[in-house]
Amino acid sequence: MYLEPYLLTGPLRIILLFVLILLIHRIVSTRISAQSALNFLVPTITLVMAAVLLGSFILILIGIFDLFVIISIIIGLAILAFMNLNFNQPLKTQLRKIYTRSLLYITIKLEKGQKFLDRDNIIKPKHKHPEHGLSQYHRNWQLAIGLLLPVLTYISRSSLFQEDVYTLSSSWFSKLNFINGISAHTWFFQTGEMMGDYLLINLYAKLTHITNAQALQSFGLLESALLSLIIYWLVFKISRKQAPGIFAGLSFALFYAFLPINIDLIAEHKSVFTSLIIALPTMYFCIYPQSFSFNRKAKFYWLLTLFTAILLLDLFVGVLLVFPYLLILFIFKFRKNFRQITQIFLAYFFSVAFIGIIYGAAALLTKEDFGAFILSNFYSFDTYTYNPHLVAPFRDLMNYYQIAAVVFLLIIIYNYIKKSQKWLASLVFLSFINLMIGIYQLDTGLVDLDILSQVLCIFIPIFFGIIVNVMVNLFSVFNFSPKVGTRLEVVIGTIIIAVLTISTFPRVATLNFKENKTENMVFEAYSKIQSGNLPYSYAVVNALPYFSFSKNSHYYYNYDYFNNTYIERDRRFNRYKDNLQYLQNNQDIILPETMFVFVYKQIQESNQGKKAVVEKQRDLTLERIELLKLKGRNVDVYYEDRNLEVYQIENRERASNINQLLF
């Protein structure tokens, strides 16, 4: 599957939507955050994703999950933010003041002939927040990296799409069914799936007005692009230096030869990746809760939301990663910050209890095996590790990583003894990475190594960034000015990254989007049909594996129906199509307004007997289409490529295409 230009629609629309939300938030808020650049953007993305996921999950539980409801809630929250109500004071008095103030504002603007929105609505006073202020220099760096790093990751991943074996596979269709099922409030007890990531993909499709198939296809690239940004931000926060963060982010984007990434599954979205988008910032917040610009009570509720969202996305990350991480954090913080670490553990255990109670109650009502479902989420069913592109066998690489991790852990322990606050985050994360590498090396069977490999795809780049930070610190004996030092780090790092990328980047990579694979044609044809026609105003004739495209979208017919039944039904319908009373009494003859018939020019089937049957079926389909043309039906070629033709049969003119209906 190749990255086609139409697959960029979703990511571009979601970015524009997020920018619009930030702009509205800025307009309606009385004060804005003192944090800037990525120090504002990454926590905001994390908190918004967690809140949207948890809120949407609750809407599904009560059976009102719908785009209109979600938009209504967003508008309601914007209005509440604009009103800035104090619920400890009488609401009636506050509402009267807001009403009077609004009338005066409108009257003054009208009398002066001024715009209702101007510079004063955008420039707002900032909340006081002394933690981790950014200089203009670092802010400019972060803005540049925040723009370029996700784009580079997106291009890097898309260059390997020609190796994709995932798109339109049985696993792909299974996941498409999960996404379609979200709209019907289907949630509980899908083996090995917590469903939170499918909820986000479904919502992503709704908000950007793309098909579920397009959302599924582009979400994997979108999550990787976002992860590269979060990895950069996390390492920057740990090290307080640009070079380690840049190296870590680019390692995830480009260093396929050092990471256990399956390039033949590069288009697949991964619940582990989605959950780590929220989990990585949460791990940092647990070390430094003061990074939240909230009071102590609000921090607890946000931590509860974040942990719950992680559990809804992936139990492996939520239980087998987050809990050991918190135990390591407890070792380093319980003496000096016992109250703080207690609050974190309470938030975590409350979130586990919340998810456990809901799923336990659902198991009792549906008589499902609760324990078997939980265990299924700790092991992979359709994930495998296959990395022939690595510079060395992954086991050998892990040995090298283990040795390096132990050596640099000893160095960091020494630095921590001298300056505990500066090296705390590095020590916690490197201790955790050592634990993960050690578990992989032991291979006890208690942890699924295929899922752990996906996790290591994220933490090995973080490990690289921490190593770079330690090495930069070792060379800090040379007294460079901060700007010169940063530039020197970036230049040297760029040279190293360029050399490693050129020498190790997969040779199969290409940005040639004109390669004609059957899977690519089918996907593009369906995207064109679904985005251009009114749902359930048309039907599609195609092979059985593509049935999943039809759910919550259109009617589906197989070739046997079209070849053996459709002609007779077409004859009766066209004889009585103007006789409304007859049609009401014989609704079985009514045809869809439009039919789309897929015809494959070359049959890709190794079994010769089955291939002969499919070819005979295709030839009969073409005969039926020619017969319809002879009868004067409105038949045109809707989509054509090297190996695929899609015929459009219009039974009622201008009754299905959205543009024709509107204009």
Side-chain angles (χ1 to χ4, degrees), residues 8-30 32 40-41 43-85 95 98 102 116-117 121-122 178-187 195-216 218-219 222-223 226 274 277-278 301-302 305-306 308-309 312-313 527 530-537 551-553 658-659 661-662:
L8 294 172
T9 304
L12 290 175
R13 287 179 179 177
I14 202 68
I15 291 170
L16 291 174
L17 178 64
F18 188 73
V19 170
L20 177 62
I21 291 173
L22 290 179
L23 180 62
I24 293 173
H25 177 267
R26 181 118 182 180
I27 292 172
V28 302
S29 298
T30 55
I32 60 174
F40 169 75
L41 184 63
T44 299
I45 291 173
T46 305
L47 296 176
V48 168
M49 275 187 66
V52 167
L53 178 58
L54 181 57
S56 299
F57 174 62
I58 294 172
L59 292 179
I60 286 178
L61 289 181
I62 60 180
I64 58 171
F65 177 73
D66 184 79
L67 182 60
F68 177 77
V69 174
I70 293 169
I71 292 176
S72 300
I73 292 173
I74 293 173
I75 293 173
L77 292 174
I79 292 172
L80 284 175
F82 174 74
M83 295 171 72
N84 195 27
L85 296 173
L95 292 173
I98 292 170
S102 300
F116 285 96
L117 293 178
N121 298 105
I122 304 297
F178 290 149
I179 298 168
N180 291 332
I182 291 292
S183 297
H185 302 159
T186 302
W187 183 276
M195 298 296 289
D197 47 337
Y198 301 110
L199 171 59
L200 289 179
I201 298 174
N202 184 283
L203 190 59
Y204 164 52
K206 282 182 166 63
L207 291 174
T208 56
H209 193 59
I210 60 177
T211 67
N212 286 342
Q214 285 177 290
L216 175 61
S218 60
F219 196 80
L222 194 60
E223 68 184 4
L226 187 53
T274 312
I277 290 173
I278 297 177
Y301 289 126
W302 274 117
T305 301
L306 290 167
T308 304
L312 285 172
L313 287 166
S527 298
Q530 290 178 308
S531 61
N533 293 277
L534 197 66
Y536 288 108
S537 66
K551 290 188 176 180
N552 300 317
S553 176
I658 294 173
N659 289 331
L661 287 168
L662 291 175

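At least one side-chain heavy atom of I210 sits under 4.5 Å from a side-chain heavy atom of Y204. Contact of the L216 side chain with the F178 side chain is not registered, since no non-hydrogen atoms from C-beta on lie closer than 4.5 Å.
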Inset, instruction - Would you check, one step at a time, whether the test side-chain contact (heavy atoms from CB on, under 4.5 Å) holds for L313 with L200? - result: CA-CA 9 Å; L313 287 166; L200 289 179; 3.9 Å; yes

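Here the CG-CG distance, from N180 to N212, works out to 5.0 Å after rounding to the nearest 0.5 Å. L203 contributes atom CG, which lies 9.0 Å from atom OG1 of T208 (distance to the nearest 0.5 angstrom). The line from CD1 of I277 to CD1 of I45 is 9.0 Å long, rounded to the nearest 0.5 Å. Residue T46 holds its OG1 atom at 8.0 Å from CG of L226, rounded to the nearest 0.5 Å. Note that OH of Y198 is 11.0 Å distant from CZ of F219, once rounded to the nearest 0.5 Å.
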Let me check something: any side-chain donor-acceptor pairs from residues 47-74 under 3.5 Å, sequence neighbours excluded? List them with distances.
{"residue": "S56", "atom": "OG", "partner": "V52", "partner atom": "O", "Å": "2.8"}
{"residue": "D66", "atom": "OD2", "partner": "F68", "partner atom": "N", "Å": "2.9"}
{"residue": "S72", "atom": "OG", "partner": "F68", "partner atom": "O", "Å": "2.8"}

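For S553, the side chain to side chain donor-acceptor pair (under 3.5 Å) partners two or more places apart in sequence, or in a different chain, are Q530, Y538. In this structure, the side chain to side chain donor-acceptor pair (under 3.5 Å) partners of T211, at least two apart in sequence or on a different chain, are Q214.
For S183 and K206, the side-chain atoms include at least one donor-acceptor pair closer than 3.5 Å.
The environment of OH in Y536 is crowded: more than 12 heavy-atom neighbours from other residues, nucleotides or ligands sit within 6.0 Å.
Contact detail for R13 and H209: the closest heavy-atom pair is NH1-O, 3.1 Å.
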